[in-house]
Participant: 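Pasting a structure below so you can have a look.
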Protein chains: 2
Amino acid sequence: MAKALSKSTKSRGEQAYSLLRHEIISGAFVPEQPLRLAQLQERCGVGFSPLREALTRLAAEGLVTSEAMRGFRVAPLSLDDLRDTMETRTFVETEALRRSIKRGDDDWEGRIVSSLHALGRQNERSNPNDPESLAALEDRHRDFHVALISASGSRRLEQIIDNLYLGSVRYRMPSLSNLSLNPARDLMIEHGAISDAALARNAPLAVDLLTAHYSLTAELLIQAHSDRLDRAANG
Amino acid sequence: MAKALSKSTKSRGEQAYSLLRHEIISGAFVPEQPLRLAQLQERCGVGFSPLREALTRLAAEGLVTSEAMRGFRVAPLSLDDLRDTMETRTFVETEALRRSIKRGDDDWEGRIVSSLHALGRQNERSNPNDPESLAALEDRHRDFHVALISASGSRRLEQIIDNLYLGSVRYRMPSLSNLSLNPARDLMIEHGAISDAALARNAPLAVDLLTAHYSLTAELLIQAHSDRLDRAANG
DNA sequence: GAACATAAAATTTTCGAAAATCTTTGATTT
DNA sequence: AAATCAAAGATTTTCGAAAATTTTATGTTC
């Protein structure tokens, strides 16, 4: 009897990693804020060792910075980094999309269709005032974009895309409601058009639509972040 | 006054990280070999905590794998990964090169000229039987390629390139001598031509030359790795 | 009062023992 | 012989105290 799939026993270090990652992404800490071990120990309920492992890993992924003998800080946010991240994301993801359109099989099409469907359903029931449902929407959004490029055949591209998503999602979280509430924008129509072009194997069109999608997102995020900086400076 | 170097003090964890990284890159361990803490503790002369931090970081960078409650292993090597890594490297670095040619200033040109010069000098005095001088040559080689793309203006691209280099250098190390000894190849001429095209701001030519440079490297590495696999299977 | 040294406090980092978990061994049963 | 189970051994993982380092506070000198 197949051993009941050995329990996904998450070590304490992984628990701490997941928790901190989630909190940083969702904006629970101020950028550049020092992350004191004693404080985190209480917050996460784990000792020093697993905590430092989690922070080391987050540092390697770019979510926190570390300086020898001076501990860890939440990684800074900046307009330059936001622009850079979104541009690089577009560059890499469009390539992965081209390859997926060329190589994708029935399963790939199935993943696109079903993730788009799930995104639509979550979008219907989504409540802009509930952080829980917004996080779920964000996850479905990511799933759709992952599905789009899931036939690229390149593990390396996938990893890069994953890390770039991580770098950009921090800018989105604190203002996702603003974003989806933007009257000039219907995200489901944009996503539907990208999906259609991809399934029709129209690579140039799909790439253009995806580029436009990210350009618009970048513009809105840059605007939102500029406003935040202004508020911080003036108010 | 224990140790007079207070400023550039490397923590023990960083020492362990540097050492292990170097040993993995230079092929001191067999791929997929388990990395036992007790053994590493003796080898590195540090306790469990900094060791685990180093391994966690190496895992995030892809040089080792980790499984909960089962410790760490040296990351595997494979033909697929080698191909993928070299292709992705070419894709990303050619873009960074295009941008650098467009944006590069006098300092950028200076970095190319001087790193090419340093590479040539190291190449002259390099002894294929001395691992020390081979490692130095590898470093000058990396410096040149870093200089080439150092005016891309994208921190993200630079990071990605750095990580991809890390992923590919493992395949090169055990057979660097084979590579540079290949009679059909004069690396200094290839590098000189790339440098010339870049400095002449001829982006299409520079990109073609860089692509050819990496394609040839990839071919030789794939051949070398196939031979190694055959030897492991038969002999 | 500014510059400098020094002590005290706060914080990070490391160590090694203890706990938790995996792996092997070997006896027992089917 | 194959399967099962529990104890013994090996290894990873965690904890908390101790060491090392940075930061802050205090006092002294010019």
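Each chain gets a letter, A, B and so on, in the order its sequence line appears, and its residues count up from 1.
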Participant: Looking at DNA chain C, which of residues 37-47 of chain B put a heavy atom within less than 4.0 Å of it?
Facilitator: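 Those residues are Val46(B), Gly47(B).
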Participant: For Arg57(B) and Thr56(A), which I'm curious about, is there any donor-acceptor pair between the side chains at under 3.5 Å?
Facilitator: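 No, because no side-chain N or O of Arg57(B) sits under 3.5 Å from a partner of the opposite role on Thr56(A).
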Participant: Quick one: do the Tyr214(B) and Glu87(B) side chains pair a donor with an acceptor below 3.5 Å?
Facilitator: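 No, Glu87(B) and Tyr214(B) have no side-chain donor paired with an acceptor closer than 3.5 Å.
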Participant: Do Arg89(B)'s NZ or CZ and the ring of Tyr165(B) fall within the cation-pi criteria of under 6.0 Å and 45°?
Facilitator: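 No, cation not above the ring by the 6.0 Å, 45° rule.
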Participant: Using residues 30-50 of chain B as the side-chain source, report each donor-acceptor pair under 3.5 Å to any protein atom, sequence neighbours left out, with the distance given to one decimal.
Facilitator:
unit_1, atom_1, unit_2, atom_2, d
Gln33(B), OE1, Val30(B), N, 2.9
Arg43(B), NE, Glu23(B), OE1, 2.8
Arg43(B), NH2, Glu23(B), OE1, 3.2

Participant: Which part of the nucleic acid, if any, lies within reach of Leu35(A) when heavy atoms closer than 4.0 Å are counted: base, sugar-phosphate only, or nothing?
Facilitator: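 It contacts sugar-phosphate atoms only.
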Participant: From CE of Met69(A) over to P of dT21(D), roughly how many Å is that when rounded to an integer?
Facilitator: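 Rounded to whole Å, this separation is 6 Å.
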Participant: Can you identify which nucleotide, out of dC15(D), dT12(C), dT13(D), has its nearest atom closest to the Arg52(A) side chain?
Facilitator: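 Selected nucleotide: dT12(C).
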Participant: Less than 4.0 angstrom between a side-chain N/O of Arg70(A) and OP1 or OP2 of dT23(D), yes or no?
Facilitator: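 Affirmative; the distance criterion is met.
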Participant: Choosing from dC15(D), dT11(C), dT14(D), which nucleotide comes nearest the side chain of Ser11(A)?
Facilitator: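 Out of dC15(D), dT11(C), dT14(D), the nucleotide with an atom closest to Ser11(A)'s side chain is dT14(D).
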Participant: Write down the distance between NZ (Lys10(A)) and C1' (dT12(D)), rounded to a whole number of angstrom.
Facilitator: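 After rounding, the reported distance stands at 19 Å.
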Participant: Does any N or O in the side chain of Trp108(B) come within less than 3.5 Å of the main-chain N or O of Leu148(B), such that one atom is a donor and the other an acceptor?
Facilitator: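 A pair under 3.5 Å: yes.
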Participant: Could you give the CG-to-C1' distance, from Leu55(B) to dT13(D), as a whole number of Å?
Facilitator: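 Taking CG of Leu55(B) and C1' of dT13(D), I get 13 Å after rounding.
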Participant: Using a cut-off of less than 4.0 Å, is there contact between a side-chain N or O of Arg36(A) and OP1 or OP2 of dT12(C)?
Facilitator: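 For dT12(C), OP1/OP2 do have a side-chain N/O of Arg36(A) under 4.0 Å.
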Participant: Between Arg12(A) and dA20(C), is there a side-chain N or O to OP1/OP2 distance below 4.0 Å?
Facilitator: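 No, outside the criterion.
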Participant: Once you round it to whole Å, what is the distance between P of dT11(D) and CD of Glu67(B)?
Facilitator: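 My rounded result for the distance is 17 Å.
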Participant: Quick one: do the Ser154(A) and Asp84(B) side chains pair a donor with an acceptor below 3.5 Å?
Facilitator: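 Note: Ser154(A) and Asp84(B) side chains meet the donor-acceptor criterion.
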Participant: I want to confirm an ordering. Mapping Phe72(B) and Phe48(A) to their closest nucleotides on DNA chain D, which one lands closer to the 5' end?
Facilitator: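 The answer here is Phe72(B).
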Participant: Where the side chain of Ser133(B) meets the backbone of Ser126(B), is there a donor-acceptor pair that is under 3.5 Å apart?
Facilitator: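 Between the backbone of Ser126(B) and the side chain of Ser133(B) there is no qualifying donor-acceptor contact (under 3.5 Å).
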Participant: Using whole Å, report how far CZ of Arg57(A) lies from P of dT13(D).
Facilitator: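 After rounding, the gap between these two atoms is 13 Å.
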